[in-house]
Each structure stands twice: as structure tokens, then as C-alpha cells.
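Following: one structure in C-alpha cells, then a few remarks.
Numbers restart at 1 for each chain; the letters A, B, ... are given by sequence-line order, proteins then strands. Just so you know, these numbers use all the heavy atoms, side chains as well, and skip hydrogens, waters and symmetry mates.
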There are 2 protein chains.
Amino acid sequence: MDSTLTNDESNSAKLIGQRVLRPRQQVEERIRAAIFSGDLRSGERLPAEAELARQFEVSRTTVREALRSLTTQNLIDKVPGAGGGSFVRSIDHHSLGTLLQESLHNLLTLGSLGGEEVAMVRQYLEVPSTRLAAEHRTEEDLNELREIVEQQRTISVDDPNVPDLDERFHAAIARASGNRVLGSFVHALHRETEPVHYLDLSPSVGKTTVKQHQKIVKAIAERDPDAAEAAIVEHLGYLRKHLFPS
Amino acid sequence: MDSTLTNDESNSAKLIGQRVLRPRQQVEERIRAAIFSGDLRSGERLPAEAELARQFEVSRTTVREALRSLTTQNLIDKVPGAGGGSFVRSIDHHSLGTLLQESLHNLLTLGSLGGEEVAMVRQYLEVPSTRLAAEHRTEEDLNELREIVEQQRTISVDDPNVPDLDERFHAAIARASGNRVLGSFVHALHRETEPVHYLDLSPSVGKTTVKQHQKIVKAIAERDPDAAEAAIVEHLGYLRKHLFPS
DNA sequence: TTTCCGGCCGTGGTCAGACCAACTGACCCT
DNA sequence: AGGGTCAGTTGGTCTGACCACGGCCGGAAA
């Protein structure tokens, strides 16, 4: 039943043996290399799966597994239909934040990591983030911050938009810092550590929070890094006391 | 027997239509949920692909695509052979560092991110990392640090092990901090920002680096956070001057 | 007996071809 | 002109087969 020609000549005593790569792995690596080398630029469309299968001389199944892996890695997007295909995804610093957040979420829900460790790192980053924001903020950043705080001041503490506004507030500061890596990190860490806050929030805590926010914005507006640092430290310490009242 | 929960019920609009999910997506989501819910524990082996296909009433192709995606997400490992199969991968804080590093590497090679931004974030994290290390270090941590510095002191500046030793040094400090998230971050950021260092290293720079390392270890040994912070700030500033001599 | 070799066999990996599903665009009918 | 219809392109799924890998076990060799 087995009379096909075999292409394995792998028995050799010398060290000329080399690692054999699976077809899927090779295809995936080739495409990835093409992306990183610039042969395939962002937004560009790859050949159809059938065409790729012809070029690589493998089955469409193998090509699809390679593309599936690349898709999961956020390197390409696949859209069905006539005008569809596989498109090189433009990965920017924003995707880094998303990825980081997902991973953190996994670790937190699996229990192999405590929220306290994450929150601590977030605070370490938010201090320099606020300092930088005070130095580099634009008028546009300032306007956004003021608008957010204004909304926070007017709505009630049990408004469903409270968490969203708080997230936007901290994200806006991180963005104003001018460091995109910092911004992505702070944003991701914030989104993973914040939700616990607003479960039981008293009106007085909400008022104090808004006041502290105003203080931070004021320092940023005046381009005063030291005051901004002091304000954010006070704010984080206050929140910390209500989060982990150990 | 409900597996989906919707929070849109408060909205009494006639929104009956729901997103149609592809089979692969559903299978993937089910398995992921099984992992996170604890039904599948770390290291546990999933049923064979054929068996999963029967249970989900889909083809093996679909199951394989779902498993491929989960594999790429580092949620499961697949091993071929007789005793093989799909195993739930125990994801810990270490995988977070790896993931972060890969993503950073992608962004840096694609040019959509400058190394300077990454280096800056790393420095922001390494200061508290060193402070914490001075407070929480164990005798074991200390021995490792001393051994590393001793090696750095004896080898020459053009030794190929120099980058590796430096990486181990900073990683050991981050680990000694006791915060695993912080440790993973510092390690990943270090691995992505360091390589540029040792391209043109003069003997005097090497000597100074080792001296600064010794100073840091001394402060950590004496459990003196302030001295440790001062030492690491000096070290980072020195390196920065030789990295970005703007 | 002990060791080693060579199949058996379960499992993932790949292949081939077909059909289904989503979408585009041109074409036709009103 | 507007809207519906149909063909064509492309990804998504199905089917069934075979290949590659590696643990297991029985039999041969030391």
C-alpha cells in the first residue's frame, strides 16, 4: 500500500543534519519576513489563498493555517467577499496597548497575577506620564482634559459613564505626554485595574476625585511638572487607600 | 443552558438581531472560555481533534483553525506523536514579558516607533524597580547580583558575553523587586533597547559601568532605597549620554 | 535476563477537491 | 434613475485520505 517515492535522506552520522521546518512554519515565516522587510507594506493586499498555495507549492490548507496564525498575531486582516483578501495590518503603538491589555486580562482572570502588582506598575508609570504631560501638552490636549473634567463635575456618581470618563481622563494625560509607548502602557494598565473602583462609590469620594482631577489639570495647564506630580501622587494615593484599604 | 449573557436587555428597542458568529470563532471562544473558567486546567490535555470535531459537530478543519489560533495566542501547546495532543499552556507573568518583547520588536523594526521612547519608559520603570529591590531583596538575589558583577569585572569589554551579563544584571534586579509585572516589563524593555549599547564601547566606559553596577549592588545589599535610586539614576543617565549623544 | 530494534498505532500535519457564504460590480428590468 | 438580479471572486467550511511524528510493546540479539 505504500510504494511512493520517499524524499528522506536524513540518516547521516555527520553533523550536516539541519532542522526540518514544517511547511506551515516556512510559509508563515516567509510572509512575516516579507512584511517586516517592507516588500509588503501596510494596507497592501496579499495574493489570494489559492495563488499563494501555487507560489509556495503547498496546499491551500497549509496557506490558510499560516494566514490564520498571522491574523491572530494582528499582522494581517482577512475580509471575505469579492473585494476581500488578506491585507497587511498597519500595526502601531495602539495595537501594543491592546495586546498588553488582553494579556494582562488573561493573567488576572487566571489568578496567576494579583491586581495589586499591576496597579503598582501603573502608578509608577502615571507619575512620569503626568510630568511629561505638563511639559509637552498642547492646547488641544488641554481642551480635551477640561471638557472631560467638566463632564465629570456635572454628572452624578452613579452615572454609567463614570468609568468611561475616568478612563478617558487618564488616557488623555498619557497621550499628552508625547511618549506613545508610555501612553499605551498607561492606558492598558488603567483599563485592567480600574473596573474595581466604582462598585461602591460614595458621593464624597466622587467629589474629591473630581477636585483632584481639576488640580491635576490646573498644574498641566500651567506647565508646572512639579505641581502636576504632586497632584497625581495625591490622587493615586487617595484612590489606593479606597482600593486596597489594607 | 445559556452560554451567552447580554447586557442590552435594559434597552427595550427591537434589537433582536445578533452578530452571526462563524463556526471557527465559536469553537475558539468555547475552548477559551473552558480554559479561563477552570474547566480545563493548566497542563491538561484536550480531546483529540477528531473527538472535538464530533463534539462541536464541525469538521476537523474548523477545529484545527480554532486550535491554531489558540496556539498562536499561547493558550495551548500542540505536540505531535503518539502521546501528543493539545495541552493547556500554563501562562504566567513570564509569557507576558515575551509577548511584550515580540510586539515591541515588531514595532521597532517596522519603524513606527522610536527606540528613544521605549528606552525612556524603561528608565521610568527601572528606578522604582531598583528601589523595591533594595527593600525586598533576599540573600539569594544578592548572591546572584554579586556573582554577575564579579564576572563583569573580570571579563574584557569585547567579550561576547557582555550584553548577556548586562541583561542578567538588570533582570536580576527587576526580579528582586518582588513585583512580577514590573520584572517582566523591565526585562522586555531592556532586551529591546540594550543591543545598541555595546557596538562601540571603549574600555573606560566599560570600567565605569562596572563601577556603577557595584555601587547599585552595594546600595541594594545595605537595603538603602535612596542610595539605590541615586545609583541607578546615575547609571541610566550615564548610559543615556552614551546612547543618545544628542 | 537485559538491551535494542522494528513494527503497531494514535495523534497532529498536510493534501486534494468540492461546496458554502459573503461581497462586488455589472447588467437588466421597471 | 433606482432597485433588484445574477455572475464572479475570495475567504470559510466540509470531506476523506494520506503523511509525519513519537510512545509502546513484542521479539530478536547480546
Side-chain angles (χ1 to χ4, degrees), chain A residues 1-13 17-31 40 43-89, chain B residues 17-31 35 40 43-89:
Chain A
M1 57 183 78
D2 174 13
S3 64
T4 66
L5 58 123
T6 62
N7 54 357
D8 53 49
E9 64 283 357
S10 59
N11 60 355
S12 163
Q18 42 191 340
R19 173 126 190 102
V20 173
L21 292 180
R22 301 286 164 274
R24 192 216 91 241
Q25 204 170 342
Q26 297 183 46
V27 172
E28 183 180 338
E29 206 47 56
R30 292 273 196 100
I31 298 178
L40 292 172
E44 193 167 345
R45 172 181 164 171
L46 278 72
E49 295 179 352
E51 172 61 20
L52 285 173
R54 265 194 301 273
Q55 292 184 14
F56 285 112
E57 289 182 351
V58 296
S59 73
R60 190 158 83 96
T61 308
T62 302
V63 171
R64 279 186 58 77
E65 289 237 8
L67 291 179
R68 166 68 50 208
S69 183
L70 292 170
T71 301
T72 306
Q73 294 172 51
N74 285 322
L75 284 179
I76 62 176
D77 278 329
K78 303 186 78 172
V79 336
S86 306
F87 298 86
V88 179
R89 180 167 179 173
Chain B
Q18 201 164 1
R19 172 104 188 123
V20 174
L21 293 181
R22 300 283 160 273
R24 192 216 90 241
Q25 206 170 343
Q26 297 183 45
V27 172
E28 181 180 339
E29 208 47 55
R30 293 273 195 101
I31 298 178
I35 293 176
L40 292 171
E44 192 168 345
R45 173 181 162 170
L46 279 73
E49 294 179 353
E51 171 62 17
L52 285 173
R54 229 175 315 125
Q55 293 183 13
F56 285 111
E57 289 182 351
V58 295
S59 73
R60 190 157 84 97
T61 308
T62 302
V63 171
R64 279 185 59 76
E65 289 237 9
L67 292 178
R68 165 69 50 212
S69 184
L70 292 169
T71 302
T72 307
Q73 295 173 48
N74 285 323
L75 284 179
I76 62 176
D77 279 329
K78 304 187 77 170
V79 337
S86 307
F87 299 86
V88 179
R89 180 166 178 174

Counting side-chain heavy atoms from CB outward, which of [options] is closest to [X]?
X	options	value
B:R60	C:dA21, C:dG12, D:dA20	C:dG12
B:R22	D:dA20, D:dG12, D:dG8	D:dG12
B:S86	C:dG12, C:dC15, D:dG11	C:dG12
B:P23	D:dT13, D:dT9, C:dC15	D:dT13
A:K78	D:dG11, D:dT15, C:dG13	D:dG11

Q.
Does D:dG12 have its OP1 or OP2 closer than 4.0 Å to a side-chain nitrogen or oxygen of A:R64?
A.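 For D:dG12, OP1/OP2 do have a side-chain N/O of A:R64 under 4.0 Å.
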Q. For DNA chain D, whose closest nucleotide is more 5', that of B:P80 or that of A:G84?
A. A:G84
Q) Start at the 5' end of DNA chain D and walk down; is the nucleotide closest to A:V79 or to B:G81 reached first? A)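 The residue closer to the strand's 5' end, by nearest nucleotide, is A:V79.
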To the nearest angstrom, how far is [X] atom [atom1] from [N] atom [atom2]?
X	N	atom1	atom2	result
B:L46	C:dG12	CG	C1'	13 Å
A:R45	D:dT10	CZ	C1'	7 Å
B:L21	C:dA21	CG	P	16 Å
B:E57	D:dT13	CD	C1'	15 Å
A:L67	C:dT14	CG	P	13 Å
B:R24	D:dC14	CZ	C1'	16 Å
A:F56	C:dA16	CZ	C1'	19 Å
B:L52	C:dG13	CG	C1'	16 Å

Q | Passing option when A:R89 is tested against A:N74, A:I76, A:T71 for side chain to side chain contact (heavy atoms under 4.5 Å, CB included) | A |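 Among A:N74, A:I76, A:T71, the one that satisfies the side chain to side chain contact (heavy atoms under 4.5 Å, CB included) with A:R89 is A:N74.
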Q.
For B:Q73 and B:S69, which I'm curious about, is there any donor-acceptor pair between the side chains at under 3.5 Å?
A. yes
Q: Determine, for A:E49 against A:K78, whether the closest basic-nitrogen to carboxylate-oxygen distance falls under 4.0 angstrom.
A: yes
(Q) Does this structure show an ion pair linking B:R54 with B:E51, if we count only N-O contacts that are shorter than 4.0 Å? (A)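 A salt bridge links B:R54 with B:E51.
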Q) Between A:V58 and B:G85, which has a closest nucleotide on DNA chain C that is more 5'? A) B:G85
Q. Contact class for B:T62 (heavy atom, under 4.0 Å): base, sugar-phosphate, or nothing?
A. sugar-phosphate
Q.
Please evaluate residues B:V27 and B:L52 with respect to the criterion side-chain contact (heavy atoms from CB on, under 4.5 Å), reporting the C-alpha separation (whole Å), side-chain torsions for both, the decisive distance (0.1 Å), and the verdict.
A. CA-CA 9 Å; B:V27 172; B:L52 285 173; over 6 Å; no
